[in-house]
Protein chains: 2
Amino acid sequence: MYSIGQVAEKSGLSCYTLRYYDHEGLMPFVHRNKAGRREFSEHDLDFIDLITCLKATGMQLREIRKFVEMSMAGDETLADRLAIFKAQQESVHDQMAQLQKHLDKLNFKVRYYEAACEAGTEDAVSGNCEIPDAPITIDDAKRVKPKKVG
Amino acid sequence: MYSIGQVAEKSGLSCYTLRYYDHEGLMPFVHRNKAGRREFSEHDLDFIDLITCLKATGMQLREIRKFVEMSMAGDETLADRLAIFKAQQESVHDQMAQLQKHLDKLNFKVRYYEAACEAGTEDAVSGNCEIPDAPITIDDAKRVKPKKVG
DNA sequence: GTACCACTTAGAGCTAACTCTAAGTAAATT
DNA sequence: AATTTACTTAGAGTTAGCTCTAAGTGGTAC
């Protein structure tokens with residue numbers, strides 16, 4: 001059994017956050033000792049990991065709460081829970097695709113600024129950021145730092 | 001030249017958000033006509049796309065503002081701007097790695113709930129969610145829905 | 001010329017998710 | 001026995017990022 005402080009250490013969430021989550025109905029499964037203090041089991045830790053996973057993949061606390069309630073309700077909610085995870089799976093795929101698009105743009109910008117630094121000025125640099133791996137060219141006539149010759 | 005309403009349409013941001021960004025110093029480059037209304041150029045649209053990219057990859061508005069200020073300052077900030085994009089590139093790599101880990105967990109959960117749905121109860125299902133592609137087994141003795149034969 | 005519409009501003013309100021404070025309790029250490 | 005520590009609660013405060021309202025302006029359509 002773990003105290004809230006120990007769970008905070010293990011999970012990376014603060015005690016405040018854990019109590020907040022409990023208050024918001026995300027942890028109805030946590031037991032209390034006779035002094036009223038929370039006692040977390042290994043299984044509870046696993047569930048908190050799962051909550052963290054859903055949270056980190058963009059699910060809002062109120063949605064996570066619904067999932068927790070379903071989990072407590074038992075086997076009649078299995079199909080609904082499967083649907084939730086399938087939807088979350090797809091959501092993460094979408095997020096990764098979006099991130100990849102943004103990364104393409106950032107990659108372009110890195111190449112652009114590398115060229116600009118080399119030339120000493122942005123004016124000498126041209127390229128189309130909409131096309132991934134588009135060529136970036138330096139107009140030698142506009143250089144501030146002269147081109148190093150081999 | 002585009003009005004704020006047209007830019008809202010094109011960019012997917014609301015007029016409110018665009019004015020808020022302007023107010024927060026993210027768009028010092030936008031010109032005004034003699035009536036005091038904002039007039040956005042094609043180049044401004046490109047810059048707003050870039051702001052959106054930085055935002056979507058987790059950069060806070062105050063950091064984006066610093067970048068915008070550097071961009072306005074001219075060529076002496078080129079190296080700093082390159083550093084910003086390199087850092088953001090790495091940040092996105094980290095985010096994608098994290099997302100992939102979470103996706104592994106979601107993938108496991110989908111397989112887990114598929115098995116549970118097939119068995120009719122969670123009790124019959126076992127597997128270790130910490131190991132990607134870990135085998136999931138159904139204890140036939142604990143099934144609620146009998147196994148389909150043949 | 002007047003009605004309408006998109007714009008302008010300052011500033012208030014909202015939401016999600018914490019984050020902290022204050023007052024109090026219970027158990028363990030000195 | 002007294003102090004320290006980790007916990008408890010309710011509820012207030014904070015932050016980021018919008019989102020909206022109210023009052024007013026300027027240009028176009030009828």
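Every chain is numbered from 1, with letters handed out A, B, ... down the list of sequences. Side chains included, hydrogens not; waters and symmetry mates left out as well; all remaining heavy atoms used.
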Rounded to the nearest Å, what distance is computed from the CG atom of residue A:Leu18 to the P atom of nucleotide C:dA17? 15 Å
D:dT9 OP1/OP2 closer than 4.0 Å to side-chain N/O of A:Arg32: yes
Can you name the one residue among A:Met27, A:Arg38, A:His23 that meets side chain to side chain contact (heavy atoms under 4.5 Å, CB included) with A:Leu18? A:Met27
For the residue pair B:Asp49 and B:Thr52, confirm or rule out a side-chain donor-acceptor distance under 3.5 Å. no
For B:Met27 and C:dT8, what is the distance between atoms CE and P respectively, to the nearest whole Å? 12 Å
State which of D:dG27, C:dC18, C:dA26 makes the closest approach to the side chain of A:Ala35. C:dA26
Of the listed nucleotides (D:dT25, D:dC18, C:dA27), which one gets closest to any side-chain atom of B:Thr17? D:dC18
Between atom NE2 in A:His23 and atom C1' in D:dC7, what is the gap in whole Å? 18 Å
OP1 or OP2 of D:dA6 sitting under 4.0 Å from any side-chain N/O of A:Ser3? no
Tell me the interatomic distance from A:Glu39, atom CD, to C:dA26, atom C1', rounded to whole angstroms. 13 Å
How many Å lie between CG on B:Asp22 and P on C:dT9, as a whole number? 8 Å
What nucleic acid atoms does A:Arg19 come within less than 4.0 Å of, heavy atoms only: base, sugar-phosphate, or nothing? base
Measure from the side chain of B:Tyr20, starting at C-beta and using heavy atoms only, and say which of C:dA17, D:dT25, D:dG17 lies closest. D:dG17
Verify the contact: side-chain N or O of A:Lys55 to OP1 or OP2 of C:dC18, cut-off strictly under 4.0 Å; return yes or no. yes
Ranking C:dA6, D:dT21, C:dT21 by distance to the side chain of B:Tyr16, first place goes to D:dT21
Atom-to-atom span, CZ of B:Arg37 to P of C:dC7 - whole angstrom: 7 Å
Gap between atoms CG and C1', on B:Leu13 and D:dC18 respectively (whole Å): 11 Å
Looking only at the side chains, is there a donor atom on one of B:Glu122 and B:Tyr113 sitting less than 3.5 Å from an acceptor on the other? no
With a 4.0 Å limit, can you tell me whether B:Arg38 has a side-chain N or O closer than that to the phosphate oxygens OP1/OP2 of C:dT8? yes
Does C:dA17 have its OP1 or OP2 closer than 4.0 Å to a side-chain nitrogen or oxygen of A:Tyr21? no
Can you tell which of D:dG17, C:dT8, D:dT8 lies closest to the side chain of A:Ile4? D:dT8
Quick one, B:Leu82 and A:Val110 - any side-chain contact, counting heavy atoms below 4.5 Å? yes
Using a 4.0 Å heavy-atom cut-off across all strands, classify B:Glu24 as base, sugar-phosphate, or nothing. nothing
Among C:dT25, C:dA17, D:dG27, find the nucleotide with the atom closest to the side chain of A:Gln60. C:dA17
Rounded to whole Å, the CG-P distance (A:Asn33 to C:dT25) equals 16 Å
Would you kindly say whether B:Ser91 and B:Asp94 are connected by a side-chain donor-acceptor distance under 3.5 Å? no
The residue, B:Gly5 or A:Ser14, whose nearest nucleotide of DNA chain C is more 5′ is B:Gly5
Geometric cation-pi criterion B:Lys109 and B:Tyr112, 6.0 Å radius, 45° cone: yes
